[in-house]
Peer 1: 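Quick one: the structure is below, questions incoming.
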Amino acid sequence: MTAQIELARDEMTRARELATEVIGIDSHIDTMQRVLVMGEDLGKRWRVGHVDIPRLHEGGMKAPFFAFWVPVYYQGAEAVRRALDLRDAMQWLLDAHPDKIELATTAADIERIVRSGKISAFLTIEGGHQIDDDLRVLRMYYLLGIRAMTLTHSRNNNWADASTDKPVHNGLTDFGKEVVREMNRLGMLVDVSHVSDKTFYDTLAVTTKPVIVSHSSMRALSNVPRNVTDEMLRALSRNGGVIGINFGEGFVNPRDREALQSAINVETSATSLTGKALDDYAAADVHKLFGARVNVVATMEDVADHIDHAVKIAGIDHVGIGSDFDGVSGPPNGLEDVSKMPALIAVLLRRGYAERDLKKIFGENHLRVIRQVTGS
Ligand SMILES: [Zn+2]
């Protein structure tokens, strides 16, 4: 018994060391909602939420992708306005803490910023409705430093079907294919989390670059539409892309599925509001989502099972972390916030993962795709 406790302590010590050595990419956190809606300064440690700069360092996750999620009831120009509001909140954070966090637009940026001891901020758009069906808007996002876009959120947009909606386009429309080509040309990562299976395969048929599945898990272990099938994993592997494993309720343990459905339902309600009234409506949603922690049965052993399965089917070079922290209400027991990541590393060490494999999962795989897509 004593020997076992000693072993566990050694694993935790080694895991904490390894957390400082990995690049620490998480391909999806929703923390910018906290900055825009709650006005929280991520420079200090909070007792609420899942992510802030001190906790990113504690967890070793020094290079998260900050997602700009815009609820799908923001339509047309209103969705563009909301994306710009989120970009402005990001700029406020960057300007408030130039010694702690810096914008990254390439893999070389990420490596340099992390080496300097700062947090690297890689910016992504969550939901293709934010380009208002206009490639010129997409190009302006690129100029604002945004380097990835999730093609849909929870509902279909005018050019792509989502996994949690009734299909109307049979995948990507011709304009949707143009969006993918333009993202390839600009050097933006195409993110196929949230999209329908047909949209996923249509995107892979069009793209000339590796794609990411920024925050999804395994349908073989939890059969929800937001997760991917083994066939999709094999296609992702052939494409050279990477999947970030989602920690959210229902993604990792099917017994938490109801909680996932109610989170999706929050966003289904349509509204004809605009301007401040619409922002107030969205703020109420964000407060609902960020309210009391939803109790889940999922544990970090479940998360490790998803990583094992993804590695078995797609290969060690195609798996990463995409926690969805601050976008989910019930992260797994043992992984309640980003500061707990070394505990997951310890579980994986115990399961026999080599340190070089963990470095791939905790950053190098995503870094490879960023380098291929952005060119540096
Ligand atoms: Zn999402």
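The analysis underlying the following values was restricted to heavy atoms, covering all of them including side chains, and did not include hydrogens, waters or symmetry mates. This chain uses plain numbering: 1 for the first residue, then up along the sequence. First listed ligand is number 1; within each ligand, the first listed atom is number 1.
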Peer 1: If the cut-off is 2.8 Å, does any N/O/S atom of His215 fall short of it from the Zn ion (ligand 1)?
Peer 2: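 Yes - counting backbone and side chain alike, His215 has an N, O or S atom under 2.8 Å.
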Peer 1: With the Zn ion (ligand 1) as the point of reference, which N/O/S atom of Glu126 is the closest?
Peer 2: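 When I compare the N, O and S atoms of Glu126, OE2 is nearest to the Zn ion (ligand 1).
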Peer 1: Strictly under 2.8 Å, is any N, O or S atom of Asp30 next to the Zn ion (ligand 1)?
Peer 2: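 Under 2.8 Å: Asp30 has no N, O or S contact with the Zn ion (ligand 1).
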Peer 1: From His194, does some N, O or S atom reach closer than 2.8 Å to the Zn ion (ligand 1)?
Peer 2: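 True for His194.
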Peer 1: Looking at Asp161 and Lys198, would you say the former's side chain and the latter's main chain have a donor-acceptor pair under 3.5 Å?
Peer 2: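 Checked: no pair found.
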Peer 1: Determine, for Phe251 and Arg226, whether the Lys NZ or Arg CZ falls below 6.0 Å from the six-membered ring centre while staying within 45 degrees of the axis.
Peer 2: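 The answer is no; the distance or angle limit is not met.
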Peer 1: Hey, would you say the Phe68 and Tyr141 ring centroids sit under 6.0 Å apart?
Peer 2: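 That pair fails the under 6.0 Å test.
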Peer 1: With a 6.0 Å cut-off on the ring centroids, do Phe325 and Phe247 count as close?
Peer 2: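 Aromatic pair counts; centres sit under 6.0 Å.
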